[in-house]
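Okay, structure first, notes after.
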Amino acid sequence: MRSAPAERKTRTPRRAGGHARIGLADIGVRYRLLTERHSTLKGRILGALARVPSRAHEFWALRHVDLEFRQGEVVGIIGANGSGKSTLLRVMARILYPTEGRFEWQGEIRPLLDIGSALNGNLTGRQNAYLYAALNRVPRLEMDKLIPKIVDFSELDAFFDVPVRLYSSGMAARLAFALATQTRPDVLLIDEVLSVGDEHFQRKSYFRMMKLIERGSLVVIVSHNLPFVEQVCNRAVWLSGGRVMADGRPPDVVAEYRRQVK
Amino acid sequence: MIERIREAYQYRSFLYQLVYQQLDQRYHGSLLGFLWTLLMPLLIFASFTVIFSVLNQWDMKDFGLYFLSGYLFWLLFSNGCAMGAESVVGNAAYVTRLYVPKLLLPLASVAVGLADLAAGFVVLAGLMGAFGAPFSAALLFLPAAAGIALVFVTGLALLCATANVFFRDFRHLLNSVLFLWFFFSPILWKAEAAPPKAQLFLALNPVVPFLSLFQQPIWKGALPGAETTALAAGLAALALASGVTAFLSAERRFYYYL
């Protein structure tokens, strides 16, 4: 039953544009809830000596997920807490290697999972920009050119040279979003980050996302904000218990989800 | 596997950032910060030199040079293992929050150890000058010795990093083992001085040939034997191959254990 997990990347030249694609084939992610006994050498040895069966509690956060996303799609992923939305996003961000199934992708993937993931609080906005460049294979010289755009988009002005830990949550979100979207992503993965910003910033980031889509990017957003998914996305996926319950036009999927929840 | 090593190379600027950050943290805001990291090895060196040269009835200058030559390798080795073990668990944020080739985390620890070795060579040069020890041509072998030692330590750092992800108490065990290993290795005493019965243990101690790579040129002013050099190079290649294999085959499961 269990297929060997494999991961394949089709090579594309950088900034070719219009090659964004994500393929998930029969993806399953199994978590083991580890106890102290399983995570130390001492525990393992004592457990083996005392013949304590070392059965960790297991559960599947995702199972049999088959999805394919292509360029030009803005996919909204909806579902209750614990339905596997964030796990799915982590698989697509290549943070989490699936227990089974095959994950394929094309293009540069930029996750925007939580604000902290992109930023180091002790570094200034500018230093963070260069760290971000190093973490995402953006050449330093290219980042030099992108800095004015990032400052402009994030509206940080003088705060750009202040440590990020002194930022408000809105400022940090603006910087994180600016970094992810100005570095020419092919695939943008967003986990509820936009909800932090004010209306002005939400509008701005919406237009920025649309511009990326026109250029041939693919955007996947996890959101609990159903009206937002209906307005912004052109495809919606509803997850429940780690499985895909519905996949299609946002109004249909959202309606089905609402019916089920009630 | 080749593909993943190539990818790690593409992320090399992240490696530079990591090394820079770790070095920067040490002397953050103060010149003294850098001295603090040197202070402990220097104090150990000074006090052990005084104590053991008296105990061994060995000329202090000669003993000091012998001890320092082995101690330089020992610091690279033990810090490489200890910092390597911490490298993945301590940088869990880079594993659980975004994607970077994880191979770079232990490599950064080893690079920091290499910077420490460079500082150690400066101390060595100063000491040799102060003792009036001759600067022989054999010292030119030291970069090669450092290179072979670095390959060995890199392999072990990868193994320790992998082990510590799955067994969190590994580093406590490691520290105890390293503490004992130091005294059972010919750093404070000469291999030839060991009783015949102990020679078998010396032959089984993998750090002995590496110590010799440093002790021979620095202390004796002679090149290490070809056999010793070949043995060290072989052990280094073995350590690196098993370290890279173990790390790469386990790294996909790291997320689940962090």
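Since we're looking at a predicted model, the values are computed, not measured. The basis for the numbers below is simple: all heavy atoms, side chains too, and nothing from hydrogens, waters or symmetry mates. Below, read A as the first sequence line, B as the second, and so on, with proteins coming before strands; counting in each chain starts at 1.
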What is the distance from atom [atom1] of [X] to atom [atom2] of [Y], rounded to the nearest 0.5 Å?
X	Y	atom1	atom2	answer
Arg32(A)	Arg253(B)	CZ	CZ	9.0 Å
Arg252(B)	Thr99(A)	CZ	OG1	12.5 Å
Leu98(B)	Leu112(A)	CG	CG	11.5 Å

Select one option (side chain, backbone, both, neither) describing which atoms of [X] are under 4.5 Å from chain A's heavy atoms.
X	value
Val95(B)	backbone
Tyr255(B)	side chain
Tyr94(B)	side chain
Glu251(B)	neither

Counting heavy-atom pairs closer than 4.5 Å to chain B, which one of Leu123(A), Leu96(A), Val29(A), Ile109(A) comes out on top?
Leu96(A)
Locate the shortest heavy-atom distance separating [X] from [Y]; write the atom from each residue and the value.
X	Y	value
Tyr256(B)	Arg30(A)	CE2-O, 3.2 Å
Leu113(A)	Arg97(B)	CD1-O, 4.4 Å
Arg90(A)	Thr96(B)	NE-O, 3.9 Å

Does atom [atom1] of [X] have more than 12 heavy-atom neighbours, drawn from other residues, nucleotides or ligands, at distances under 6.0 Å?
X	atom1	result
Phe59(A)	CZ	yes
Met1(B)	CE	yes
Phe179(B)	CZ	no

Only counting residues at least two apart or in another chain, list the ones meeting salt bridge (Lys or Arg N to Asp or Glu O under 4.0 Å) with Arg70(A).
Glu68(A)
Please list all pairs meeting salt bridge (charged side-chain N to carboxylate O under 4.0 Å, His left out) that have one or both residues in residues 240-250 of chain B, counting only residues at least two apart or in different chains.
none
Part of residues 168-178 of chain B lying next to chain A, heavy-atom separation under 4.5 Å:
Arg168(B), Asp169(B), Leu173(B)
Quick one: does Leu131(A)'s side chain get under 4.5 Å of Gln21(B)'s, heavy atoms only?
yes
If you tally heavy-atom pairs under 4.5 Å against chain A, which of Phe14(B), Phe254(B), Tyr16(B) wins?
Phe14(B)
Would you mind writing out the side-chain donor-acceptor pairs for residues 232-240 of chain B within the sub-3.5 Å range, not counting sequence neighbours?
none

